[in-house]
Protein chains: 2
Amino acid sequence: MTPPRPARRPPLDADAGAVGQRIRALRAERGISLSTLARAAGVGKATLSALENGTRNPTLETLYAITAQLGVPLAAVLAGPAATPTVRGATVVATLLESFTDTDASYELYRLRVRPGGEQVSPAHRPGVTEHVTVFAGMLRAGPLDAPLTAAAGGHLRWTSDVPHGYAALGEEEVAASLLLRYPRS
Amino acid sequence: MTPPRPARRPPLDADAGAVGQRIRALRAERGISLSTLARAAGVGKATLSALENGTRNPTLETLYAITAQLGVPLAAVLAGPAATPTVRGATVVATLLESFTDTDASYELYRLRVRPGGEQVSPAHRPGVTEHVTVFAGMLRAGPLDAPLTAAAGGHLRWTSDVPHGYAALGEEEVAASLLLRYPRS
DNA sequence: CGCCGCCGTTCCGTAAACGGAACGATGGGC
DNA sequence: GCCCATCGTTCCGTTTACGGAACGGCGGCG
């Protein structure tokens with residue numbers, strides 16, 4: 001008989017590769033070279049190179065040394081934001097960043113991604129609900145269906161969402177934005 | 001002569017030990033034995049034993065196999081509850097919610113709390129940097145020191161922050177807001 | 001009692017993650 | 001043009017994390 005467990009490793013590699021990509025992205029954000037980061041973190045360049053390319057399965061110690069040097073918590077490079085609740089549609093993906101309640105109203109702050117080439121419609125909310133959008137990148141058209149507003153990167157939109165309203169990306173670029181929903185105390 | 005005796009690794013072991021303790025705690029919660037968990041996760045008992053006792057430095061793959069079997073995200077067993085980077089001042093506390101880079105600029109989105117009774121001043125940033133604030137609660141005065149702006153809950157402020165600027169809460173209530181910093185590509 | 005099943009730890013050979021060094025490629029400075 | 005510094009990758013010997021097997025300890029059962 002052949003030994004029962006020959007071992008296989010395709011499944012996890014996807015994860016390992018994603019971790020490597022995140023590290024590479026963080027490093028690129030900071031504009032530092034692989035060599036520099038490896039030296040600062042006290043790991044070999046070979047290690048960091050293979051890690052970023054997803055061809056190695058790093059130890060916790062190695063990962064910790066690198067993320068510490070990047071100034072991010074270890075969890076930041078592991079499998080995606082994961083546990084954060086997300087609303088998904090054909091053209092819009094909204095991730096809840098924070099919710100907040102005070103005496104007058106409650107608030108929900110979302111990160112918003114709008115893919116080009118479609119429009120997503122949202123039904124009317126209760127009276128008094130307002131939406132505030134700040135655009136990071138791309139060109140966004142959003143607001144009441146009969147009176148939409150437009151904003152480019154850096155722009156800000158605001159409307160009362162007690163009527164049906166929609167979101168659409170203008171142009172080819174995906175829109176990134178933050179969305180603040182304000183629900184007045186009922 | 002002995003070779004240069006390159007490296008020792010005392011400092012990280014504390015961390016590794018903590019990870020092991022968390023895994024052991026999670027396993028105890030579920031009332032399953034070390035042997036059972038090792039078999040279910042497809043790792044050796046020796047591996048799991050050493051890992052729980054903090055005498056080994058596990059690979060990502062090993063950790064993933066175990067936490068998956070325990071039904072918790074990988075981050076759950078890593079160093080303490082999410083140390084998200086935070087900027088603290090006497091009157092302002094800013095927590096980074098998300099950072100984002102695209103072709104034209106990079107962005108940082110913060111949750112902002114401003115305590116009443118003081119003003120916090122921030123030095124000028126590089127030319128072209130803009131700040132966007134959406135107020136959740138309270139009344140905020142912020143912007144360039146010589147031309148501050150004011151917004152109540154639901155309001156929005158925007159200024160270019162290449163001059164010294166400040167943040168202050170008007171009235172007794174603590175201000176909650178979101179702050180978007182936009183850094184144009186240098 | 002002796003036996004058996006399972007517990008968690010320890011031993012050990014193997015596979016692989018590690019750091020150092022060498023490599024070709026690229027981009028300034030003179 | 002040449003030189004030198006630095007880039008990221010690859011090679012290689014050493015270290016070590018890995019799983020399987022053996023170990024002693026402990027409770028249940030005939």
Side-chain angles (χ1 to χ4, degrees), chain A residues 1-13 15-17 19-70 74 77, chain B residues 1-13 15-17 19-70 74 77:
Chain A
M1 290 315 259
T2 56
R5 264 319 86 82
R8 60 214 174 305
R9 30 202 75 243
L12 301 187
D13 292 6
D15 247 319
V19 170
Q21 286 174 18
R22 263 171 234 125
I23 289 177
R24 178 159 284 176
L26 286 168
R27 179 168 67 77
E29 261 178 39
R30 286 157 181 70
I32 62 180
S33 71
L34 186 150
S35 309
T36 305
L37 176 57
R39 199 178 330 114
V43 307
K45 305 200 307 182
T47 300
L48 181 53
S49 174
L51 207 178
E52 287 193 355
N53 290 321
T55 61
R56 258 215 274 243
N57 166 21
T59 63
L60 194 54
E61 182 175 7
T62 300
L63 265 186
Y64 184 83
I66 293 168
T67 56
Q69 198 56 41
L70 287 170
L74 228 174
V77 301
Chain B
M1 286 315 253
T2 54
R5 187 62 46 184
R8 242 3 40 133
R9 38 202 79 202
L12 303 186
D13 292 5
D15 248 316
V19 170
Q21 286 173 18
R22 265 172 232 123
I23 289 177
R24 178 158 282 177
L26 286 168
R27 179 168 67 78
E29 264 177 35
R30 287 159 180 69
I32 62 181
S33 72
L34 185 150
S35 308
T36 305
L37 176 57
R39 199 179 328 114
V43 308
K45 304 201 308 183
T47 300
L48 182 52
S49 173
L51 173 43
E52 287 193 356
N53 290 323
T55 61
R56 258 217 276 243
N57 164 22
T59 62
L60 194 56
E61 182 175 6
T62 300
L63 264 186
Y64 185 83
I66 292 169
T67 56
Q69 197 57 40
L70 288 169
L74 230 174
V77 301

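Convention: sequence-line order gives letters A, B, ...; per-chain numbering from 1. Owing to the predicted nature of the structure, the values given are computational and were not obtained by experimental measurement.
- Checking side-chain atoms of A/Arg27 against main-chain N and O of A/Ile32 turns up a donor-acceptor pair under 3.5 Å.
- Atom P of nucleotide D/dA17 and atom CG of A/Asn57 are separated by 12 Å, given to the nearest angstrom.
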| message | Please evaluate residues A/Ile66 and A/Thr47 with respect to the criterion side chain to side chain contact (heavy atoms under 4.5 Å, CB included), reporting the C-alpha separation (whole Å), side-chain torsions for both, the decisive distance (0.1 Å), and the verdict. | response | CA-CA 11 Å; A/Ile66 293 168; A/Thr47 300; 5.6 Å; no

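- Between the CG atom of A/Leu34 and the P atom of D/dT9 there is a distance of 6 Å, rounded to whole Å.
- When all heavy atoms of B/Arg22 and B/Val77 are compared, the pair lying nearest together is NH1-O, 2.8 Å.
- In this structure, A/Ile32 atom CD1 and D/dG8 atom C1' are separated by 14 Å, rounded to whole Å.
- Under the 4.5 Å side-chain criterion, counting only non-hydrogen atoms from C-beta, B/Leu63 is in contact with B/Val19.
- Rounded to whole Å, atom P of C/dC11 lies 14 Å from atom CG of B/Asn53.
- Between the axis at the start and the axis at the end of the helix from C/dC1-D/dG30 to C/dC30-D/dG1 there is an angle of 10°, using five pairs per end and rounding to 10 degrees.
- OP1 or OP2 of C/dC7 lies within a sub-4.0 Å distance of a side-chain N or O belonging to B/Thr36.
- Residue B/Ser35 places no side-chain N or O under 4.0 Å from the OP1 or OP2 atom of C/dC6.
- In terms of phosphate contacts, B/Thr59 brings a side-chain nitrogen or oxygen within less than 4.0 Å of OP1 or OP2 of D/dC18.
- Here B/Arg56 does not reach the OP1 or OP2 of D/dT16: none of its side-chain N or O atoms lies under 4.0 Å away.
- A/Ile66 has its CD1 atom 14 Å from the P atom of C/dA17, to the nearest Å.
- Following rounding to the nearest Å, B/Leu60 (CG) and D/dA17 (P) show an atom-to-atom distance of 15 Å.
- Interatomic distance, CG of B/Leu34 versus CZ of B/Arg24, reported as 7.0 Å (0.5 Å rounding).
- The stretch residues 40-49 of chain B touches DNA chain D through B/Gly42, B/Val43, B/Gly44, B/Ala46, B/Thr47, each having a heavy atom under 4.0 angstrom from the strand.
- Side-chain contact check for B/Thr67 versus B/Leu26: every heavy-atom pair is 4.5 Å or farther apart.
- Across every non-hydrogen atom of A/Leu48 and A/Ala38, the tightest pair is CD2-N, 3.8 Å.
- Here B/Leu51 contributes atom CG and B/Arg56 contributes atom CZ; the two are 8.5 Å apart, rounded to the nearest 0.5 Å.
- Atom pair A/Leu37:CG and C/dG19:P shows a separation of 12 Å (rounding to whole Å applied).
- Straight-line distance from the CZ atom of A/Arg39 to the C1' atom of D/dC7: 11 Å, rounded to whole Å.
- A close approach under 4.0 Å does not occur between any side-chain nitrogen or oxygen of B/Thr62 and OP1 or OP2 of D/dA17.
- Residues A/Ile23 and A/Glu52 come closest through the heavy atom pair CG2-OE2, 3.9 Å.
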